[in-house]
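In what follows, a single structure is set out as C-alpha cells and then discussed.
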Amino acid sequence: MPISEAPRRSLASTSTQAQPRLRCACAGAVLGLLTAFGGSGTASPASTGGAPASGGTSANGGTTSSSSGGTSSAGAPSGSGGSAAGAPNPAPTGDLIGWATQHPAGAPTGGSVPIGAYPVMTCTATSMKVLRDCLYRAKKSDKTNSDTRPNPPEWSSWEVHAGVTGGWKKYPLIIYVKGILHANENDLGHAMTQADYEASDPLCGTDSGAACQQTVIQAKVERGDISVLGIPGDAGEPPTLDGGWLMFRGQENVIVQNLRIVSATDFWPSFEACDASVPDRDYCAWNAEPDGLTLDNTSRVWVDHSEFTDGPDFAGTNPDKTHYKMYDGLLDIKNGADFITLSYNKFYNHNKAMLVGATDSADGSYDITFHHNLISYVQQRMPRVRNGRVHVLNNYYVGPEKTDYTQEYYFGYALGLGYNSEIYSERNAFDIDGATASSLLSVNFDAWAQRFTDVGSWLSGQAVDLNQAAASLVNARNTAQAGTTPFLGPADWTPADHYAYTADATPDAVRSNVLAGAGVGHVVPVPLP
C-alpha cells in the first residue's frame, strides 16, 4: 500500500471514528500540551487562556507586556521567553496512554505545568546557536554566569522576565524548535564540514574530529520537567533538527512532540565485519556514533507525532550510498530508561531504527509502549529489545524486502527478541511483500532468554502466527549454538493489567489511523510562543 500524506486532523476527532480507538484511563489526571492544526480557528476550551496575558513574556528578544509594565531588551538573542502567571494549562489530547502514564509521579506533563511557585518558562530556538543558549540556561540553578563558550548571550538582559534573575533549572520549561535548524553549524552560522571538524572549532575547545562534531550537533538536555516541541517556521517550514542529535540523560518528566529529526552523518564510522559473499562493503557492518534521539536513564517520557529519518525525500533510496554506513540509530533507549510511550511517530528511510537496552546485562526494566507508529523503508530494530516489557501495539510496517545489493533501504526484520526481552505484540499490520512470519522477527543476537506474545497481528491483511515463529526461531538458534536456553514461552505480563486502552481491531483500521495521524504537522503546541 503506498504511503501518502493525510490531511491535518483534530486529535479530538479521533475518539469519534468508527474504528475502536485508544483511550486514556487517567485522562482527568493528565495535563497534555497539544491541540490540532485546522478547525475553525476558534480556541478550544482546553486552550483558552493558554497564551500569555498582561505581564507575560515574549518568545523573541527578551520580555514584553501586552498591557503595561513589561520591559524589552534589544540586545537579547531571539529565543528568550516566559509564561503568564496563573495561565491555565491545556487538557489532555487522549493520545497519551501506556507505560508513560504509570510512573509513580504520574503521567508526563513535560514543561507545561507550574512547579509550586515557579511558572512555566519558554524559549524559542530558530538556530542551533539559540538552541544551545536555551539548553545552557535551562540547566542553571544559580545567578552566576559560568558560560565559557565563545560569544555567549548577555544573560543578565536575556533573563529579566517573570522574576527570573538566575538559571531556569527550577522552572518547568518548554523549548520550541521553530522551522529548520541545521545542526552541523557553529555559532557563527558556518556549515561544518569534515575538514572543519578535524581542524576543531571554538565551540569544541581542544577537541577535534568526532568529539568536535558531537559537541556541535548534540542538543544535550541536562534537566527534567521539560518539553521540546516543534512549530513551523515563518514560511511554514516543518520543524526540523537537521543532522542533529537530541540527547536526554538521567532526567524525568520529558515530552518531545511534533519534531522531525534528520540523522546526523558520522564522518568517521568504524568498520566491523563483512562476509565474503557480500559484494558491496556499504552493506557490511559499520558502526556510527550519532543517534537521532537518545533516552539515556530517562523516565516518564512521551515522544509523540515526531519523525526520524535519514532524509524525508529519499522515498526508499539514497543516491549517495556511502551515507548508508554513516548513520546509527534513529531512537535509542538505554541505561534503564523507563515509563515511556512512543505514539504516532514516523520512522523511515533508515537502517537501524530503535534500540531498547544497549547491553546484555540487567540494567533496567524498560517499560515502554510503542503504538500507532509508521515504519517505512526501515531495515531493522523496530524495535530490538533487551530487558524490556515492551508493548508493540497497532503499528504499521510497510516496505520492500531486500532483493539485491542495489537497494539502499529495505525491510530486514521488525521485532528483535534480545536478551531477557518480553515483547507483547498486539494487532500490528505488516504490509511487506514476500515476508513470512519468521522474517518479521529476529533472534540473531549474542544472548537470548526471551519471552514473546503476539495477539492478532496481520501480514498482508491476513492473520499471522508470530508466536509459533518466535518459538521455532529461538529453539533453532539454541540447537545450532549448542545452547541451554530454549524459548521461555509467552510474556509473563499483559498490558491490560497495567493501563487501559482499546486496540484497533482490523488491519484497515491500523492502516487508516496511522496514515492519518503519524508524523509532524498534525498537532501544534498550546500555548503558542
Side-chain angles (χ1 to χ4, degrees), residues 19-27 29-30 94-104 106-108 299-302 333 336-344 354 356-357 362 364-373 382-397 414-430 437 440-441 443 448-459 463-474 486-507 509-510 513-514:
Q19 299 296 343
R21 290 284 292 126
L22 298 172
R23 295 192 298 269
C24 180
C26 52
V30 181
D95 281 329
L96 177 53
I97 64 142
W99 274 115
T101 68
Q102 299 305 298
H103 191 279
S299 64
R300 200 175 162 210
V301 180
W302 188 20
I333 301 172
D338 207 359
F339 296 104
I340 297 168
T341 293
L342 310 168
S343 58
Y344 287 94
M354 192 173 84
V356 177
S365 59
Y366 296 102
D367 294 325
I368 298 166
T369 301
F370 186 67
H371 79 85
H372 286 92
N373 299 282
M382 301 175 270
R384 174 185 172 179
V385 180
R386 297 179 175 100
N387 295 310
R389 294 190 296 182
V390 180
H391 188 194
V392 183
L393 168 69
N394 284 159
N395 300 285
Y396 183 34
Y397 297 80
L415 305 178
L417 282 60
Y419 174 72
N420 199 31
S421 62
E422 293 200 48
I423 296 175
Y424 194 100
S425 167
E426 185 171 4
R427 299 189 183 278
N428 298 289
F430 299 90
L440 300 179
L441 309 175
V443 300
W448 62 97
Q450 306 95 331
R451 293 184 179 273
F452 177 82
T453 293
D454 181 77
V455 177
S457 290
W458 309 274
L459 175 58
V464 60
D465 191 350
L466 295 182
N467 296 300
Q468 179 58 43
S472 297
L473 287 169
V474 175
F487 185 60
L488 298 180
D492 63 2
W493 71 286
T494 58
D497 290 338
H498 298 273
Y499 49 84
Y501 63 95
T502 300
D504 293 338
T506 68
V510 173
N513 287 329
V514 171

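What you see is a predicted model; the values in this text were computed from it and never measured. Residue numbers count from 1 along this sequence.
- The backbone N or O of R427 sits less than 3.5 Å from a side-chain atom of N394, completing a donor-acceptor pair.
- Taking both residues in full, the closest heavy atoms of A107 and L96 are given as CB-CD2, 4.0 Å, listed atom of the first, atom of the second, then distance.
- Using a 4.5 Å heavy-atom threshold, the side chains of H372 and D504 count as touching.
- Taking every heavy atom of both residues into account, L473 and L441 meet most closely at CD1-CB, 3.9 Å.
- Checked by atom type and distance alone, the side chain of T341 never pairs as donor or acceptor with a backbone atom of T369 at under 3.5 Å.
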Note to self: Set out, in order, the CA-CA distance, both residues' side-chain angles and the distance that settles side-chain contact (heavy atoms from CB on, under 4.5 Å) for H391 and H498, then state yes or no.
What the structure shows: CA-CA 11 Å; H391 188 194; H498 298 273; over 6 Å; no
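- When side chains are defined from C-beta on, V390 does not count as touching S421, because their heavy atoms never get closer than 4.5 Å.
- Ring centroids of Y501 and H371 are separated by 6.0 Å or more, keeping the two rings apart.
- With sequence neighbours excluded, the residues satisfying ring pair (Phe, Tyr, Trp, His ring centres under 6.0 Å) with Y397 are F430.
- Separation of atoms CG (D492) and CZ (R451) is listed at 5.0 Å; rounding is to 0.5 Å.
- When atom types are taken as modelled, the side chain of N387 and the backbone of N420 share no donor-acceptor pair closer than 3.5 angstrom.
- S343 is linked by a side chain to side chain donor-acceptor pair (under 3.5 Å) to W302, D304, counting only residues two or more places apart in sequence or in another chain.
- Taking CH2 from W458 and OG1 from T506, the interatomic distance works out to 6.0 Å, rounded to the nearest 0.5 Å.
- F452 places none of its side-chain heavy atoms less than 4.5 Å from the side chain of V474.
- Ring geometry, W99 versus W493: the interplanar angle falls from 30° to 60°, so the pair is classed tilted.
- Judged purely by atom type and a 3.5 angstrom limit, N395 uses its side chain to pair as donor or acceptor with the backbone of L393.
- With sequence neighbours excluded, the residues that form a side chain to side chain donor-acceptor pair (under 3.5 Å) with S425 are N428, D454.
- Between V356 and F370 the shortest side-chain heavy-atom distance does not fall below 4.5 Å.
- Atom-to-atom distance recorded for M354:CE and M382:CE is 10.5 Å, nearest 0.5 angstrom.
- The CG atom of L466 lies 11.0 Å from the OG1 atom of T453; values are rounded to the nearest 0.5 Å.
- For the pair S472 (side chain) and A469 (backbone), a donor-acceptor distance under 3.5 Å is absent.
- For the pair Q102 (side chain) and Y499 (backbone), a donor-acceptor distance under 3.5 Å is absent.
- Side-chain atoms of R300 come within 3.5 Å of backbone N or O of G106 as a donor-acceptor pair.
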Item checked: From CA spacing to verdict: side-chain contact (heavy atoms from CB on, under 4.5 Å), I333, L342 -> CA-CA 11 Å; I333 301 172; L342 310 168; 4.1 Å; yes
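- With hydrogens and angles disregarded, no donor-acceptor distance shorter than 3.5 Å links the side chain of N467 to the backbone of P490.
- Under the 3.5 Å distance criterion, the side-chain polar atoms of Y366 are matched with a main-chain donor or acceptor of G336.
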